[in-house]
Amino acid sequence: MSSHLVGVGVGPGDPELVTVKGVNALRAADVVVVPVMDTGERGRAEATVLHYVPEEKVVRVVFALNERTDRARREAAWDAAGEQVAALLRDHGSVAFATIGDPNVYSTFTYLAQTVGELVPGTVVETVPGITAMQDLAARSGAVLTEGTEPLTLVPVTAGAAVLKEALAGPGTVVAYKFGRQAAEVAEALRETRRLDDAVWGSALGLPEESVRPAAELDGGPLPYLSTLIAPARRDGGRGGKL
């Protein structure tokens, strides 16, 4: 039988936000792989998975998740992780890879699946969608992501402040991921584009240290790397104004 690799989105951190299909996929797999940094600390994906499967079924695989400058080191870590998962597939046949958020949205699973597909030809790759941080933040803050014909733009701030400013100058809602280290630049971009008043940011969603606050309170200080920002579209046409 063909090897089976499934990427399972386990949401932004709250174990209650894992879908039933996601839980079933985790439990059905022979092995559940969770990504960890080379520091060895337990990540959100692992903490979430352990609510649903026994610890002895979980295999920790090191990724250079905190490596942003040394591309060679990062890619070497991806290759090593791919080799490890490929070996698990050869031994077990069915492997689930748990990733925070959704496996098709800025996920490490994308790179892993490509590498494993080359190492174990014929591997069947599937994904189970997960709830994203922007959905969770919208629910927790009351921010409406889209109405009517409004566009929605998702920007990783690691792409640079200019990309964020360009998005904020547009007509729709803008969501910024991974902006914690550039909080000062993000606050300035919101002020320049007059999008500060209605914007909201959050971090550690669903966890004891959760923080959900108005973006107007951003003071330029450092925030958790995985902070999320929502700048809602400008809405001055009344109810249903953009239908």
Side-chain angles (χ1 to χ4, degrees), residues 1-67 73-120 122-133 136 178 203-210 224-226:
M1 295 180 64
S2 298
S3 298
H4 185 204
L5 175 65
V6 55
V8 181
V10 296
D14 185 347
E16 293 184 344
L17 292 181
V18 184
T19 66
V20 174
K21 186 171 184 177
V23 172
N24 289 339
L26 293 171
R27 290 175 173 170
D30 297 325
V31 174
V32 177
V33 170
V34 294
V36 296
M37 294 191 295
D38 51 12
T39 56
E41 63 190 74
R42 176 171 290 173
R44 293 191 196 180
E46 182 179 6
T48 303
V49 162
L50 290 175
H51 282 265
Y52 297 105
V53 300
E55 188 169 2
E56 58 267 23
K57 187 175 178 176
V58 176
V59 176
R60 311 174 91 224
V61 174
V62 174
F63 284 79
L65 299 173
N66 57 344
E67 180 55 70
R73 179 177 175 272
R74 185 171 65 244
E75 292 187 353
W78 288 342
D79 290 341
E83 292 277 4
Q84 189 173 350
V85 174
L88 290 170
L89 277 168
R90 296 186 190 104
D91 291 341
H92 299 280
S94 176
V95 174
F97 181 89
T99 178
I100 59 171
D102 183 278
N104 293 304
V105 180
Y106 300 128
S107 169
T108 308
F109 181 74
T110 304
Y111 314 116
L112 179 72
Q114 182 179 354
T115 301
V116 170
E118 295 170 354
L119 295 172
V120 188
T123 296
V124 176
V125 178
E126 298 179 7
T127 57
V128 176
I131 291 174
T132 60
D136 196 14
K178 306 176 183 179
S203 64
L205 300 175
L207 303 177
E209 63 271 28
E210 172 184 287
Y225 172 69
L226 290 177

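All values below were derived from every heavy atom in this structure, side-chain atoms included, with hydrogens, water molecules and symmetry-related copies excluded.
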Euclidean distance, Thr123 OG1 relative to Arg90 CZ, rounded to 0.5 Å: 8.5 Å
Any donor-acceptor pair under 3.5 Å from Glu83 side chain to Asp79 backbone: no
Partner of Leu17 by side-chain contact (heavy atoms from CB on, under 4.5 Å), out of Thr132, Leu205, Asp136: Asp136
Minimum heavy-atom distance Ala45-Val10, with the two atoms named: CA-CG2, 4.1 Å
Spatial distance of atom CZ (Arg60) from atom CD (Glu55) [nearest 0.5 Å]: 8.5 Å
side-chain contact (heavy atoms from CB on, under 4.5 Å) between Leu50 and Arg42, worked out: CA-CA 11 Å; Leu50 290 175; Arg42 176 171 290 173; 3.5 Å; yes
Contact summary for Ala113 and Leu5, nearest pair of heavy atoms: CA-CD2, 4.1 Å
Nearest heavy-atom neighbours spanning Gly206 and Asp14: CA-CB, 3.8 Å
Within 6.0 Å of OH in Tyr106, more than 12 heavy atoms from elsewhere: yes
Rounded distance [0.5 Å steps], CG in Leu88 versus CG in Asp30: 10.0 Å
Contact check, side chains of Pro129 and Thr19, non-hydrogen atoms, under 4.5 Å: no
Rounded distance (nearest 0.5 Å) linking atom NE2 of His51 with atom CG of Leu26: 12.5 Å
Side chain proximity check, Gln84 to Val59, heavy atoms < 4.5 angstrom: yes
Spacing of Thr99 atom OG1 and Leu112 atom CG [to the nearest 0.5 Å]: 10.0 Å
Any donor-acceptor N/O pair, Lys57 side chain to Arg27 backbone, under 3.5 Å: yes
Shortest non-hydrogen separation from Leu207 to Gly13 and the atoms involved: CD2-O, 3.6 Å
Distance (rounded to the nearest 0.5 Å) between Phe109 CZ and Thr127 OG1: 7.0 Å
Distance-minimising heavy-atom pair for Ala86 and Val116: N-CG2, 4.3 Å
Parallel, tilted or perpendicular: ring planes of Phe63 versus Phe97, cut at 30 and 60 degrees: perpendicular
Nearest heavy-atom neighbours spanning Val120 and Ser3: CG1-OG, 3.9 Å
Pro15 backbone acceptor or donor facing Tyr52 side chain under 3.5 Å: yes
Enclosure of Glu16 CD (heavy-atom neighbours >12, cutoff 6.0 Å): no
Stepwise side-chain contact (heavy atoms from CB on, under 4.5 Å) test for Arg44 and Leu226: CA-CA 11 Å; Arg44 293 191 196 180; Leu226 290 177; 4.1 Å; yes
